[in-house]
Amino acid sequence: MYLYYLLGQKTYRRNLQYRAAHVLDNLGSALFGFIMIYIWKAVGANHQAMGDYTIEMLVLWAAFGQALFHFSVQAPHGLNIQQAVRNGNISIDFLRPVNFFLYTVCREAGQQFYNLIYKGVPLYLLYALVVGYHVPNPQSLLLLIPACLMALYVCLCLAYLVGLASFLTTDIRWASTLHMTMFITVSGTMMPTDLLPLGGLLKLTPWATMVYYPGRIYFDLNGLSALVVPLVWCVLLTCICLFATDRARRSLEVQGG
């Protein structure tokens, strides 16, 4: 396990070299978040509440979702697996005496924790100064930690499956576009998933675990029950990823060399 910790730590430290460049990225993310915030403020002119949420809560939800976006929603494209397939380095990865799935996921997890500290936290503080913030009760804060960690794990597993498609085809843009469409729409980043058409069904999808369930916990709308769906998907996706890796490596055609 220490090896996998070192992999994540290495990726985290590598990203520290680009802190200044990521300030500009934060500005773009902040702008998009403000657009969503003021859309909800405009909706509040005619509506006081939608479902279980007041307009004030939805404004803060948009801020919370944007702060969490870079941590538990947006992972590196295919976890960079497709690049290793294209240049032939995938053969070296398979020769390593480690599990390829765990090796890849732990390596990219370091970047996600970097994003949390240098993108998510600054964005949250900015929104807190401008539109305010919500203080969860102590029980919700304790539950928020495993909810966010499971959201991260699901995010990495789904991105891993997208990258694994490069074992079967030279072009994974179709898989990446499908995944991107789903996480932007269903994850709950812009609005709670249960407010969407068929929301009762969509909140059971793995993409909903990325922001929707952490958001429900953060706003004290759910307790321990909000961890059930994310936990189920963590187990299922682990099995799917391990099985898919075993099957896909048999069909691997290295494109480089």
Side-chain angles (χ1 to χ4, degrees), residues 29 32-33 36 39-40 50-53 58 61-82 101 104-105 108-109 111-113 115-116 119-120 123 143-166 172-219 221-222 225-244:
S29 297
F32 184 80
M36 292 306 305
I39 286 176
W40 282 119
M50 296 183 68
D52 295 336
Y53 315 93
L58 290 171
W61 183 291
F64 175 78
Q66 193 61 26
L68 204 58
F69 180 81
H70 294 288
F71 176 68
S72 66
V73 180
Q74 186 182 46
H77 176 61
L79 299 189
N80 300 313
I81 295 173
Q82 71 282 1
F101 166 65
T104 305
V105 167
E108 300 302 332
Q111 178 166 328
Q112 299 305 102
F113 277 100
N115 289 341
L116 175 65
K119 293 183 179 181
L123 284 174
L143 293 175
L144 186 60
I145 296 174
C148 288
L149 290 177
M150 286 192 286
L152 170 63
Y153 183 71
V154 169
C155 168
L156 292 174
C157 285
L158 291 174
Y160 176 84
L161 290 174
V162 171
L164 210 61
S166 62
I172 65 169
R173 285 179 294 180
W174 60 274
S176 180
T177 300
L178 175 61
H179 174 51
M180 185 180 300
T181 301
M182 292 301 295
F183 76 60
I184 289 177
T185 306
V186 182
S187 68
T189 302
M190 296 181 288
M191 64 185 298
T193 307
D194 55 356
L195 293 183
L196 295 170
L198 300 177
L201 180 63
L202 293 176
K203 69 181 183 181
L204 300 178
T205 63
W207 294 277
T209 66
M210 296 176 175
V211 175
Y212 173 70
Y213 288 103
R216 294 281 298 186
I217 292 173
Y218 176 77
F219 287 101
L221 296 173
N222 281 114
S225 61
L227 300 180
V228 175
V229 173
L231 181 60
V232 169
W233 275 114
C234 284
V235 175
L236 286 178
L237 285 173
T238 299
C239 297
I240 292 171
C241 287
L242 292 174
F243 176 77

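Here the structure is a predicted model, which is why all the values come from computation and not from measurement. Along the sequence shown, the residues carry numbers beginning at 1.
To the nearest 0.5 Å, atoms CG (Leu158) and SG (Cys241) are separated by 7.5 Å. For the atom pair Phe69 CZ and Phe32 CZ, the distance stands at 7.5 Å (nearest 0.5 Å). Going from atom CZ of Phe101 over to atom CG of Leu79 covers 9.5 Å, rounded to the nearest 0.5 Å. Interatomic distance, CG of Leu123 versus CZ of Phe64, reported as 13.0 Å (0.5 Å rounding). From Cys155, atom SG reaches atom CD of Gln112 across 5.5 Å, with rounding to the nearest 0.5 Å. The line from CG of Leu237 to CG of Leu156 is 11.0 Å long, rounded to the nearest 0.5 Å.
Applying side-chain contact (heavy atoms from CB on, under 4.5 Å) to Val162 and the options Ile81, Thr177, Ile172 leaves one that passes, Ile172.
Applying the side chain to side chain donor-acceptor pair (under 3.5 Å) definition to pairs two or more places apart or across chains, those involving residues 233-244 are Tyr153-Thr238.
Tyr53 and Asp194 share a side-chain donor-acceptor pair at under 3.5 Å.
Counting heavy atoms from C-beta outward, Leu152 and Leu116 have side chains that stay 4.5 Å or more apart. Under the 4.5 Å side-chain criterion, counting only non-hydrogen atoms from C-beta, Gln111 is in contact with Pro76.
Judged purely by atom type and a 3.5 angstrom limit, Asn222 has no side-chain atom pairing as donor or acceptor with the backbone of Arg216. Side chain of Ser166 to backbone of Gly163: a donor-acceptor contact under 3.5 angstrom is found. In this structure, Gln82 contributes its side chain and His77 its backbone to a donor-acceptor pair below 3.5 Å. No donor-acceptor pair under 3.5 Å is formed between the side chain of Thr189 and the backbone N or O of Gln66.
Between Phe183 and Met210, the shortest heavy-atom distance links the atoms CB-SD, 3.8 Å. Between Ala226 and Ile217, the closest heavy-atom pair is CB-CG1, 3.6 Å. Here the closest heavy-atom approach between residue Met190 and residue Trp40 is recorded as O-NE1, 3.2 Å. Between Cys148 and Phe71, the closest heavy-atom pair is O-CE2, 3.6 Å. Minimum interatomic distance between Thr209 and Pro230 (heavy atoms only, all atoms of both residues): CG2-CA, 3.7 Å. In terms of heavy atoms, Val211 sits closest to Gly188 at CG1-O, 3.4 Å.
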Query raised in the report: Under the side chain to side chain contact (heavy atoms under 4.5 Å, CB included) criterion, do Thr193 and Ser187 qualify, and how do the steps go?
Result: CA-CA 7 Å; Thr193 307; Ser187 68; over 6 Å; no
Query - Derivation and outcome, side chain to side chain contact (heavy atoms under 4.5 Å, CB included), residues Lys119 and Ser29 - result: CA-CA 9 Å; Lys119 293 183 179 181; Ser29 297; over 6 Å; no
Review item, side-chain donor-acceptor pairs of residues 196-208, under 3.5 Å, at least two apart:
{"from": "Thr205", "atom 1": "OG1", "to": "Leu202", "atom 2": "O", "distance (Å)": "2.6"}
{"from": "Trp207", "atom 1": "NE1", "to": "His179", "atom 2": "ND1", "distance (Å)": "3.1"}

